[in-house]
Amino acid sequence: RDGGKDGIIEFSNDRKNGSAKWWLPNGKIDIEGHFENDTMSGLWTYWRTDGNKGNEGTYLKGEMDGHWTWWYESGNIWKEGNCLFGNGGF
């Protein structure tokens, strides 16, 4: 990406552990979240190309779990709901 970073992921013990961030080619944030033992965990935010949030929610052991929100480009909420771990849906 024009000499910049595409992403940063923290590692420990040869596993993804800690914060993770990816950027778009234009330099704006794309995705940010957290890993525990190579697995998505905790709050993850996915950004729109215009720099506003696109969707956000939590993962537990690599699966969507808990409250999730999606936004329109205008910033208004498109939908939100709760996902139960292991259920695969809302």
Side-chain angles (χ1 to χ4, degrees):
R1 171 175 77 76
D2 298 329
K5 296 176 184 170
D6 292 326
I8 295 176
I9 302 171
E10 292 180 352
F11 281 81
S12 67
N13 299 322
D14 294 324
R15 293 179 169 258
K16 291 178 259 188
N17 276 301
S19 65
K21 280 187 180 181
W22 290 268
W23 288 271
L24 297 167
N26 65 9
K28 291 185 180 181
I29 189 75
D30 185 21
I31 302 168
E32 57 186 331
H34 185 84
F35 284 97
E36 289 183 16
N37 294 316
D38 281 337
T39 305
M40 296 167 80
S41 180
L43 182 67
W44 280 74
T45 304
Y46 299 84
W47 299 87
R48 306 176 63 84
T49 56
D50 62 10
N52 294 318
K53 286 183 183 180
N55 61 298
E56 181 175 72
T58 55
Y59 284 90
L60 177 64
K61 298 180 182 177
E63 294 191 35
M64 294 169 76
D65 178 66
H67 189 79
W68 278 80
T69 305
W70 285 262
W71 289 271
Y72 285 110
E73 186 174 353
S74 66
N76 292 327
I77 292 175
W78 171 54
K79 72 176 180 176
E80 58 185 326
N82 291 304
C83 184
L84 299 176
F85 175 71
N87 188 19
F90 292 87

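A donor atom on one side chain and an acceptor atom on the other are found under 3.5 Å apart for Glu56 and Thr45.
The one candidate from Ile8, Asp6, Asp30 that meets the side chain to side chain contact (heavy atoms under 4.5 Å, CB included) condition with Trp23 is Ile8.
Counting only distance, with no hydrogens or angles, the side chain of Asn52 and the backbone of Gly75 share no donor-acceptor pair below 3.5 Å. In this structure, Asp65 contributes its side chain and Leu60 its backbone to no donor-acceptor pair below 3.5 Å. In this structure, the side chain of Asn13 does not engage the main chain of Arg15 through any donor-acceptor pair within 3.5 Å. No donor-acceptor distance shorter than 3.5 angstrom exists from the side chain of Glu36 to the backbone of Asn17, with no hydrogens or angles considered.
Separation of atoms CE (Met64) and CG (Leu84) is listed at 11.5 Å; rounding is to 0.5 Å. For the atom pair OH of Tyr72 and CZ of Arg48, the computed distance is 10.5 Å after rounding to the nearest 0.5 Å. The distance from atom OG1 of Thr58 to atom NE2 of His67, rounded to the nearest 0.5 Å, is 9.5 Å.
Both Met40 and Trp70 are members of a single hydrophobic cluster when ILVMFWY side chains are connected at heavy-atom separations under 4.5 Å. When the side chains of ILVMFWY residues are joined at heavy-atom separations under 4.5 Å, either directly or via intervening members, Ile31 and Ile9 end up in a single hydrophobic cluster. Put simply, Phe35 and Tyr46 are part of the same group of oily side chains (I, L, V, M, F, W, Y) that touch within less than 4.5 Å, one to the next. When hydrophobic clusters are built by joining Ile, Leu, Val, Met, Phe, Trp and Tyr residues whose side-chain heavy atoms come closer than 4.5 Å, directly or via intermediates, Trp22 is not grouped with Leu43.
Between Ile29 and Trp47 the shortest heavy-atom distance is O-CB, 3.3 Å.
Applying the side chain to side chain contact (heavy atoms under 4.5 Å, CB included) test to Thr39 and every residue at least two apart in sequence or in another chain returns nothing. Partners of Trp44 according to the side-chain hydrogen bond (donor to acceptor under 3.5 Å, both in side chains) rule, which considers only residues two or more places apart in sequence or in another chain, do not exist here.
Heavy-atom contacts from other residues, nucleotides or ligands closer than 6.0 Å to CG of Asp14 number 12 or fewer.
With contacts defined as side-chain heavy-atom distances shorter than 4.5 Å, the pair Thr69/Asn55 does not qualify. The shortest side-chain heavy-atom distance between Lys16 and Glu10 does not fall under the 4.5 Å cut-off.
With ring centers used as reference points, Tyr59 lies under 6.0 Å from Trp68.
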